[in-house]
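On a predicted model such as this, the values are computed, not experimentally measured, just so you know. So that the names make sense, note that chain A is the first sequence line, chain B the second, and so on, each numbered from 1.
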Protein chains: 2
Amino acid sequence: MSIITIPDIVVGRLPIYLRALNFLVAEGREITSSQELGDRLGISSAQIRKDLSHFGEFGKQGTGYDISFLRDQLQRILQVDRIWDVVLIGAGDLGHALAHYGGFSGRGFRIAAVFDSDPDKVGQPLANLVIQDSQDLVDVVRQQAIYVALIATPASGAQPVADALVSAGIRAILNYAPITLTVPHGVRVQYIDPVAHLQRMTFYL
Amino acid sequence: MSIITIPDIVVGRLPIYLRALNFLVAEGREITSSQELGDRLGISSAQIRKDLSHFGEFGKQGTGYDISFLRDQLQRILQVDRIWDVVLIGAGDLGHALAHYGGFSGRGFRIAAVFDSDPDKVGQPLANLVIQDSQDLVDVVRQQAIYVALIATPASGAQPVADALVSAGIRAILNYAPITLTVPHGVRVQYIDPVAHLQRMTFYL
DNA sequence: TAGATTGTTAATCGATTAACAATC
DNA sequence: TAGATTGTTAATCGATTAACAATC
């Protein structure tokens, strides 16, 4: 038996390729090349071809890639040729910004429920939703069969929320709280910490 | 002549180490080890020791690391033992969330100016600032000697804004717009695209 | 001292790139 | 056909890990 695994670093570049292809589609372009794509993204053309070769043959020698076709293929590979319901925990400023963000739909995601533990917020409307009580988080996530979560709570609440999410069946967490989460094997976590990104740059200034 | 360069991937982990050390300080802890730090972060102890060894010797054999001391050293290395003024462009939902975010101060940053191109927003207060006209962006950034920027505009505006920022002397850009920016050598860019992070995880679901 | 943990070396592992045959 | 660009191989490059002497 042979298990073929795709390097995670390759998976991480696919959304960037997809984003660029959508941009090219919006520009009205029909054909591109690994060279052009690489120039735009600051990635070598060889790397793009190698990355794509893990999944199949999507181009034509001498011509390049049909942009719409390659986009469809990447959407399929990343499983965003469907819409994923997402649960949002935390209805503070960041939660509000995420709830109003127009960029999820069209790229495979929809915020389907919002939770907060503040009694003053529970019951209030947020975008097209109503803020629910965090006490009901596990039940609702389980019942609605939601597998993707955004954590937008203060750092102190993030680990307990993550534990609850995992027990409710969540499989992917995007964590905005500036803390490293501990989750069981099989649950994926990505982090967004703007300060960490800034600090990575000030090193060079 | 020999140029010793630190791998960027190492620089990228330092803010994670720093964050964990601050967490340990908050817990009242005084000493830690590469083993404990690695367990918390999901990183091997060897990697942590190797990363730190690029910058000096910060530990004691048999004992480990003095948490406060190592934190101070990392702050110095990352140059966040000072406060960097940051300019924020875009006063939409995300801009509001960033302006109100309490996590910048204490980690080396302070939003010092906010800009938007919408005449209805210019002049309005936002957190402890007043939204300024994007037309004045270059002048203000230059005069206040700001080197770090947050782009929180729609995708369509991000590249022109980046061009203006570069001409104003900005050296580090954290870009929330879902688009790859083209900037001159010497200007650093980091990206935050929540959808890209989510797509990287749905691949595995 | 005995036990523990660092800093560093060398080996391993994995990712990137250069190059080119295949072919549109 | 001539020119262009893919997909793939092999070489290079770089990052991670295992192991251990040094030493607190």
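Distance, B/Arg49 CZ to D/dC24 P: 16 Å, rounded to whole Å. Taking atom OH on B/Tyr17 and atom P on C/dT6, their separation rounds to 13 Å, with Å as the unit. Here the P atom of nucleotide D/dA4 and the CD atom of A/Gln35 are 12 Å apart, to the nearest Å. Between B/Ile31 atom CD1 and D/dC24 atom C1' the separation is 12 Å, expressed in whole Å. Rounding to whole angstrom units, CD of residue A/Gln61 and C1' of D/dA2 are separated by 16 Å. Rounded to whole Å, atom C1' of D/dT6 lies 16 Å from atom CD1 of A/Ile67. Atom CG in A/Asp66 sits roughly 16 Å away from atom P in C/dC24 (whole-Å rounding). Atom NE2 in B/His54 sits about 16 Å away from atom C1' in C/dT6, given to the nearest Å.
The phosphate of D/dG7 (OP1 or OP2) has a side-chain N or O of A/Tyr65 nearer than 4.0 angstrom.
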Q) Base, backbone or nothing for each nucleotide of nucleotides 9-16 of chain D, written B, S, -, heavy atoms under 4.0 angstrom, 5' to 3'? A) B-----SS
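Looking at B/Val130 and B/Val114, their side chains never come closer than 4.5 Å, going by heavy atoms from C-beta outward.
Contact check on B/Asp193 versus A/Arg107 returns a salt bridge, with a Lys/Arg side-chain nitrogen under 4.0 Å from an Asp/Glu carboxylate oxygen.
With A/Leu88 as the partner, the side-chain contact (heavy atoms from CB on, under 4.5 Å) test is satisfied by one option alone out of A/Leu98, A/Leu174, A/Leu94: A/Leu98.
Note that CZ of B/Arg40 is 11.5 Å distant from CD1 of B/Ile48, once rounded to the nearest 0.5 Å.
The partner of C/dA21 is D/dT6, judged by Watson-Crick or G-U wobble contacts that both fall below 3.5 Å. Across all strands shown, D/dG14 forms a Watson-Crick or G-U wobble pair, both distances under 3.5 Å, with C/dC13.
In terms of position on DNA chain C, the residue among A/Lys60 and B/Gly59 whose nearest nucleotide sits closer to the 5' end is B/Gly59.
Counting non-hydrogen atoms under 4.0 angstrom, B/Ser34 reaches the backbone sugars and phosphates but no base.
B/Asp163 and B/Gln159 are linked by a side-chain donor-acceptor pair at a separation below 3.5 angstrom, with hydrogens and angles left out of the test.
A cation-pi arrangement is absent between A/Arg171 and A/Tyr147 under the rule of less than 6.0 angstrom and at most 45 degrees off the ring axis.
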Q: Go through the steps to decide whether B/Arg49 and B/Ser45 satisfy the test side chain to side chain donor-acceptor pair (under 3.5 Å), and finish with yes or no.
A: CA-CA 6 Å; B/Arg49 294 198 302 279; B/Ser45 63; 3.3 Å; yes
